[in-house]
Amino acid sequence: MSIWSRIGELIAALRQGESLASVFDRLRTPPERSAGFAIAVIALGAKMAKADGRVTRDEVAAFREVFRIPPRDEAAAARVFDLARGDVAGFEGYARRIARMFRDRKEPLAHLLEGLFHIAAADGRFDPAEEGFLRRVWEIFGLDERVWRALIARYVPGAPPDPWEVLGLSPGASLEEARRARARLVRETHPDRLLARGVPEEGIRLANARMAAINEAYEAIRRHHEAAAAAGRAGAGQGAAAGD
């Protein structure tokens with residue numbers, strides 16, 4: 001059974017007046033967490049759309065980059081979106097239930113938040129309402145500050161590029177520290193490792209973009225150190241010439 005078939009069953013089983021958020025209480029076992037992850041991204045995406053008042057074609061396209069929905073299951077995905085957007089319950093209740101569902105694993109929550117960033121930034125703008133929404137979800141998920149800073153550095157249009165933030169390093173970290181950070185992040189981003197740590201397939205589809213950002217950040221730091229070293233050599237040469 002596909003996750004979308006399971007999602008369709010869960011929606012059909014909702015009692016009259018029952019909130020979509022109650023679905024998360026029924027997804028307790030690891031095999032069902034892929035369905036929970038999909039519902040979470042759709043539901044929080046719907047709440048985020050409600051926060052900034054619009055859903056653009058770019059955001060829909062970004063969602064489809066994360067999820068490959070068979071045509072026969074598109075109605076189930078649309079139903080989840082509509083239920084979440086129309087639910088009077090606030091997004092914080094959704095986020096808390098999702099956090100409880102993945103309480104033993106922070107990594108899926110980080111990937112879920114990344115999926116929301118991916119959708120929010122797809123239209124080339126980052127609305128203050130979206131940023132406030134995402135920050136509150138980050139807080140509820142209890143994720144590390146470095147996760148937030150790295151996502152801002154990678155996804156927010158117009159944000160000053162900060163390769164150290166992307167690699168989770170302090171500004172001015174050495175090239176060797178950057179090399180070690182890149183190696184660690186590449187290991188952590190490997191699909192087999194992500195699957196073993198409970199990240200659903202949909203979250204793994206974001207790994208290619210993350211890997212590209214990791215490599216770009218490392219290359220930027222390498223160029224920075226090479227330029228600094230060249231400037232130092234040039235300065236030393238000038239000093240020696242002046243002393244002659």
Side-chain angles (χ1 to χ4, degrees), residues 3-4 6-7 23-24 27-48 59 61-69 77 80-81 84 91-92 94-122 126 130-131 133-156 165-168 181-182 184-217:
I3 64 168
W4 297 103
R6 178 56 176 148
I7 289 170
V23 166
F24 297 112
L27 298 168
R28 300 182 181 278
T29 61
E32 293 213 293
R33 286 180 179 171
S34 286
F37 187 95
I39 293 173
V41 174
I42 298 171
L44 287 176
K47 292 293 189 182
M48 186 168 63
E59 288 171 335
F63 177 82
R64 290 181 178 276
E65 289 174 8
V66 181
F67 293 100
R68 297 172 186 166
I69 308 173
V80 172
F81 188 92
F91 74 91
E92 293 181 346
Y94 279 75
R96 289 190 184 97
R97 292 194 182 202
I98 296 161
R100 286 199 299 269
M101 185 173 67
F102 289 104
R103 60 184 174 274
D104 57 334
R105 300 284 180 91
K106 289 294 185 184
E107 196 162 7
L109 294 174
H111 286 277
L112 196 161
L113 184 63
E114 181 174 1
L116 294 174
F117 264 89
H118 181 73
I119 294 167
F126 202 63
E130 290 176 326
E131 181 174 2
F133 176 97
L134 291 167
R135 175 166 279 279
R136 183 60 185 138
V137 171
W138 166 76
E139 290 171 350
I140 292 171
F141 284 178
L143 297 171
D144 190 271
E145 177 72 27
R146 290 184 303 175
V147 172
W148 176 261
R149 293 201 306 265
L151 289 172
I152 288 290
R154 283 165 49 196
Y155 283 101
V156 176
E165 290 284 14
V166 172
L167 296 186
R182 181 181 67 164
R184 173 179 57 80
L185 290 170
V186 167
R187 287 194 303 272
E188 291 177 355
T189 305
H190 192 281
D192 290 343
R193 182 181 178 90
L194 294 177
L195 285 170
R197 298 183 71 174
V199 176
E201 182 181 351
E202 287 70 30
I204 291 171
R205 291 196 185 114
L206 293 167
N208 289 337
R210 188 179 314 114
M211 190 74 76
I214 290 167
N215 288 328
E216 287 173 6

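Values below: all heavy atoms of this structure, side chains included; hydrogens, waters and symmetry mates excluded. The shown structure was predicted, so the numbers you read here are calculated from the model rather than taken from an experiment.
By the salt bridge (charged side-chain N to carboxylate O under 4.0 Å, His left out) test, Arg182 is found to be paired with no residue, residues two or more places apart in sequence or in another chain being considered. Under the rule for a side chain to side chain donor-acceptor pair (under 3.5 Å), the partners of Glu92 that lie at least two apart in sequence or sit in another chain are Arg136.
Between the OH atom in Tyr94 and the CD1 atom in Ile39 there is a gap of 10.0 Å [rounded to 0.5 Å]. Atom CD1 of residue Ile214 and atom CG of residue Leu185 lie 4.5 Å apart, to the nearest 0.5 angstrom. To the nearest 0.5 Å, atom CG of residue Leu113 and atom CD1 of residue Ile140 are 11.0 Å apart.
Shown here for Ala110 and Val147, the closest heavy-atom pair between the two residues is CB-CG1, 4.4 Å. The two residues Phe141 and Ala95 come nearest to each other via the heavy atoms CE2-O, 3.5 Å. Closest approach of Leu112 to Ala40, counting heavy atoms only: CD1-CB, 3.4 Å. Between Ile152 and Glu131, the shortest heavy-atom contact is CD1-OE2, 4.5 Å. Nearest approach of Ala217 to Leu167, heavy atoms of both residues: CB-CG, 3.9 Å.
A heavy-atom distance below 4.5 Å is found between the side chains of Glu114 and Tyr155. Contact check for Glu165 versus Trp148: no side-chain heavy atoms found under the 4.5 Å cut-off. The side-chain heavy atoms of Leu134 and Leu151, taken from C-beta on, include no pair separated by under 4.5 Å.
Side-chain atoms of Trp138 come within 3.5 Å of backbone atoms of Asp144 as a donor-acceptor pair (strictly under, hydrogens ignored).
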